[in-house]
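Below is one structure, written out as structure tokens; comments come after it.
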Amino acid sequence: MTVRLWGPGVAVPVAGAAPATTIALVRHGETDWNRERRIQGATDIPMNDRGRAQSRATAERLAGGCWDAVVTSPLSRSAETATIIADRLGLDEPDLLPALAERRHGTLEGLTTAERRRLETEAVPIEGLESRVSVVSRVVPALLGLAARHPGGAVVAVTHGGVIQSVLLHLWERASLPSGSVTNGSVHELRVSASGLELVASDAVAPVEATGS
């Protein structure tokens, strides 16, 4: 499925002669806040032991491929996941890519999902919440930049649930995904080519098309 690179009003060119590049978006391993279903956002919560086991399992899964580099969000839960993967793949220390940082959730950070739903029901203003459009507007250029630096190559990009969800929703042109669609340690394969940004495979389940009755 080849899709547009951007939403309305924003355009980014893709070099026509460059060979296709594979980018595997990987969600970091579990943290204690993930287990407690707390919203992390930009809060730097470290990975727990279960998350490290998930990261090792993902590294084993990726070891069947041929990868050129690993990059990561600067947040520690992502950076540790990336280091585990890079070590298993025999690659250099991951490069930090700030654009891959998690979606900022402002005053929601630290709250449980149940507490968030209550605030939304009460229509309480949420200060500091980054829009999904904003997330896509910083993440997609970073992915295109990776492709430009690794033409014809393959890169693992370790990031966060909110980032991956935003990219998938953009590609699928949907407003939401089922809860829990992007799990810790999941892999979502993209291809960047002259025709655009293409979703090749995803551990998440694509939203069902709405049908008329």
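Hydrogens, waters and symmetry mates are skipped; everything else that's a heavy atom, side chains included, is used.
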Identify whether [X] and [Y] are in the same connected component of the hydrophobic contact network (ILVMFWY, side-chain heavy atoms under 4.5 Å).
{"X": "V182", "Y": "V156", "value": "no"}
{"X": "L169", "Y": "V26", "value": "no"}
{"X": "L97", "Y": "V187", "value": "no"}
{"X": "V158", "Y": "V192", "value": "no"}
{"X": "W33", "Y": "L129", "value": "no"}

Please give me the minimum heavy-atom distance between [X] and [Y], naming the atom from each residue.
{"X": "A20", "Y": "S193", "result": "CB-CB, 3.9 Å"}
{"X": "W67", "Y": "L91", "result": "O-CD2, 3.5 Å"}
{"X": "R104", "Y": "A42", "result": "CG-CB, 4.2 Å"}
{"X": "E109", "Y": "G41", "result": "OE2-CA, 3.5 Å"}
{"X": "P98", "Y": "P74", "result": "CA-CD, 3.8 Å"}
{"X": "A101", "Y": "V163", "result": "O-CG2, 3.2 Å"}

What distance separates [X] [atom1] from [Y] [atom2], expressed to the nearest 0.5 Å?
{"X": "I45", "Y": "E102", "atom1": "CD1", "atom2": "CD", "result": "12.0 Å"}
{"X": "D68", "Y": "L146", "atom1": "CG", "atom2": "CG", "result": "11.0 Å"}
{"X": "N48", "Y": "Q54", "atom1": "CG", "atom2": "CD", "result": "7.5 Å"}
{"X": "R37", "Y": "T113", "atom1": "CZ", "atom2": "OG1", "result": "4.0 Å"}
{"X": "L25", "Y": "E189", "atom1": "CG", "atom2": "CD", "result": "10.0 Å"}
{"X": "H160", "Y": "T72", "atom1": "NE2", "atom2": "OG1", "result": "6.5 Å"}

Run the side chain to side chain contact (heavy atoms under 4.5 Å, CB included) check on L171 and E198 step by step: do they pass?
CA-CA 8 Å; L171 298 181; E198 181 182 8; over 6 Å; no
Any residue meeting side-chain contact (heavy atoms from CB on, under 4.5 Å) with A53, in chain and number order, not counting sequence neighbours:
R56
Verify whether one side chain among S166 and R132 offers a donor that lies under 3.5 Å from an acceptor in the other.
yes
Could you check whether T159 and S73, counting side-chain N and O atoms only, form a donor-acceptor pair closer than 3.5 Å?
no
Do the non-hydrogen side-chain atoms of [X] and [Y] ever get within less than 4.5 Å of each other?
{"X": "V167", "Y": "H188", "value": "no"}
{"X": "V71", "Y": "L96", "value": "no"}
{"X": "E80", "Y": "H28", "value": "no"}
{"X": "T22", "Y": "V200", "value": "no"}
{"X": "I126", "Y": "L119", "value": "no"}
{"X": "Q40", "Y": "R77", "value": "yes"}
{"X": "E60", "Y": "R88", "value": "yes"}
{"X": "S78", "Y": "L100", "value": "no"}

I need the single residue from R103, E115, H105 that forms a side chain to side chain contact (heavy atoms under 4.5 Å, CB included) with I39. Which is it?
H105
Stepwise side chain to side chain contact (heavy atoms under 4.5 Å, CB included) test for L199 and L190:
CA-CA 5 Å; L199 180 63; L190 307 175; 3.5 Å; yes
CA sep, side-chain torsions, deciding dist, call: I84, M47, side chain to side chain contact (heavy atoms under 4.5 Å, CB included):
CA-CA 12 Å; I84 290 170; M47 206 163 43; 4.1 Å; yes
Carboxylate-amine/guanidinium proximity below 4.0 Å for R61 and D203
yes
So, R35 and D32, do they make that salt bridge, N to O below 4.0 Å?
no
Near E36 CD, under 6.0 Å, is it more than 12 heavy atoms from other residues, nucleotides or ligands?
yes
